[in-house]
Amino acid sequence: KNGALVFNGTDDRLAYNGFPSVSDGISISCFVKPAGLPLPSDVAIIGKNNNLLSISSTKIYWWPDINLSPENPTIQNDNDIWCHIGVTQSGSNCVIYKNGKPVHTNSATQQFSTGGTQYTTIGAYNLGTSRFFSGSIASVAVYHRVLTQEEMLQNYNSLKTRFGLT
């Protein structure tokens, strides 16, 4: 529905060989509709190698390097309701967005890890070995640059009615 990928939370995932060069920063923008909340821990939206964007009942997690502490602002996430999630990072500067608005700005504790050759995975982490997402993920966009706040808001505004958001 709505052109979304639907994940069962146990073994569904999409893996592809492609992730832009991130030497000048990275931005990720997507719409998610989690099912099965509350969750005891976070579940993956998109990840590659040591990088992960994930969600729980009360947080959005951005792991520029999974081996270190994530950026994880406390944000209420609702079951079976679409929301837009975005993240930008350049160097150690990180901004996390929900529904087109920044909800967390910080000088991250670590820089984005660019190493490794693993496939990018949507709906699970580490090629589908853990953190399986239950629900729908749509309109995933990964940019090899940092989007401005206005561009992230434009991503939200351009598709919000498709997902019943105002």
Side-chain angles (χ1 to χ4, degrees), residues 1-37 39 41-56 59-68 70-72 77 80-91 94-100 108 110-148 151-160 162-163 165:
K1 187 175 176 179
N2 294 327
L5 301 168
V6 180
F7 299 91
N8 65 12
T10 56
D11 61 3
D12 285 347
R13 68 203 178 275
L14 171 69
Y16 67 96
N17 187 10
F19 207 77
S21 167
V22 294
S23 60
D24 293 330
I26 187 169
S27 298
I28 300 172
S29 174
C30 60
F31 285 82
V32 299
K33 182 180 178 184
L37 295 176
L39 300 168
S41 63
D42 63 307
V43 293
I45 297 170
I46 183 171
K48 180 182 179 174
N49 297 324
N50 290 334
N51 322 122
L52 178 64
L53 178 61
S54 62
I55 189 172
S56 72
K59 293 183 182 272
I60 297 170
Y61 294 84
W62 170 238
W63 306 77
D65 186 331
I66 197 77
N67 298 308
L68 302 171
E71 297 296 318
N72 57 348
N77 297 304
D80 292 323
I81 295 176
W82 283 103
C83 70
H84 171 262
I85 299 206
V87 64
T88 62
Q89 183 159 354
S90 176
C94 168
V95 181
I96 297 175
Y97 296 84
K98 183 171 180 186
N99 292 338
Q110 69 272 3
Q111 296 197 15
F112 187 76
S113 172
T114 58
T117 58
Q118 211 174 53
Y119 284 81
T120 300
T121 307
I122 298 174
Y125 177 64
N126 200 18
L127 285 181
T129 60
S130 63
R131 293 187 165 128
F132 289 97
F133 184 87
S134 178
S136 301
I137 301 174
S139 303
V140 177
V142 181
Y143 302 86
H144 63 33
R145 65 181 182 85
V146 174
L147 296 182
T148 65
E151 289 172 315
M152 195 62 79
L153 181 60
Q154 181 180 0
N155 280 356
Y156 169 71
N157 285 333
S158 67
L159 293 171
K160 67 182 179 183
R162 177 175 164 187
F163 299 104
L165 300 168

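Being a predicted model, the structure only gives us computed values, none of them experimental. Residues: numbered from 1 along the sequence shown.
Put simply, the side chain of Phe7 does not reach to within 4.5 Å of the side chain of Val43, judged on heavy atoms. Annotation: side chain of Asp80 is in contact with side chain of Lys33 (closest heavy-atom distance under 4.5 Å). Using a 4.5 Å cut-off on side-chain heavy atoms (C-beta onward), Leu52 and Arg131 make contact. Here the side chains of Tyr97 and Leu153 are not in contact, with every heavy-atom distance at 4.5 Å or above.
When the side-chain contact (heavy atoms from CB on, under 4.5 Å) test is applied to Lys160, the partners found at least two apart in sequence or on another chain are Tyr156, Asn157, Leu165. A search for side-chain hydrogen bond (donor to acceptor under 3.5 Å, both in side chains) contacts involving Ser29 returns His84, Asn155, not counting sequence neighbours. Contacts of Ser134 classified as side-chain contact (heavy atoms from CB on, under 4.5 Å), with partners at least two apart in sequence or in another chain: Ala35. Residues passing the side-chain hydrogen bond (donor to acceptor under 3.5 Å, both in side chains) test with Glu151, sequence neighbours excluded: Arg145, Thr148. Listed by chain and residue number, Val146 satisfy the side-chain contact (heavy atoms from CB on, under 4.5 Å) test with Ser90 (two or more places apart in sequence, or in another chain).
Residue pairs meeting the salt bridge (Lys or Arg N to Asp or Glu O under 4.0 Å) criterion with at least one partner in residues 120-130, sequence neighbours excluded, do not occur; the list is empty.
Ring geometry for Phe31 against Phe163 counts as parallel: the plane angle stays under 30°, on a 0 to 90° scale with 60° as the upper cut.
Note that the NZ atom of Lys98 and the CD1 atom of Ile85 stand 6.5 Å from one another [nearest 0.5 Å]. Rounded to the nearest 0.5 angstrom, Asn72 CG and Tyr61 OH are separated by 5.5 Å. Of the inter-residue distances, the one linking Ile55 atom CD1 with Phe133 atom CZ reads 6.5 Å to the nearest 0.5 angstrom. Separation of atoms CG (Asp42) and OH (Tyr125) is listed at 10.5 Å; rounding is to 0.5 Å.
Of all heavy-atom pairs spanning Ser54 and Ala44, the tightest one is CB-CA, 4.0 Å. The nearest pair of heavy atoms linking Met152 to Leu147 is CE-CD1, 4.1 Å. The two residues Cys94 and Ile96 make their nearest non-hydrogen contact at SG-CG1, 4.1 Å. Nearest heavy-atom pair across Phe132 and Asp12 is CD2-O, 3.6 Å.
Results of the side-chain contact (heavy atoms from CB on, under 4.5 Å) test with Ile46 over Ile137, Asn51, Val87, Ile28 single out Ile28 as the only residue that passes.
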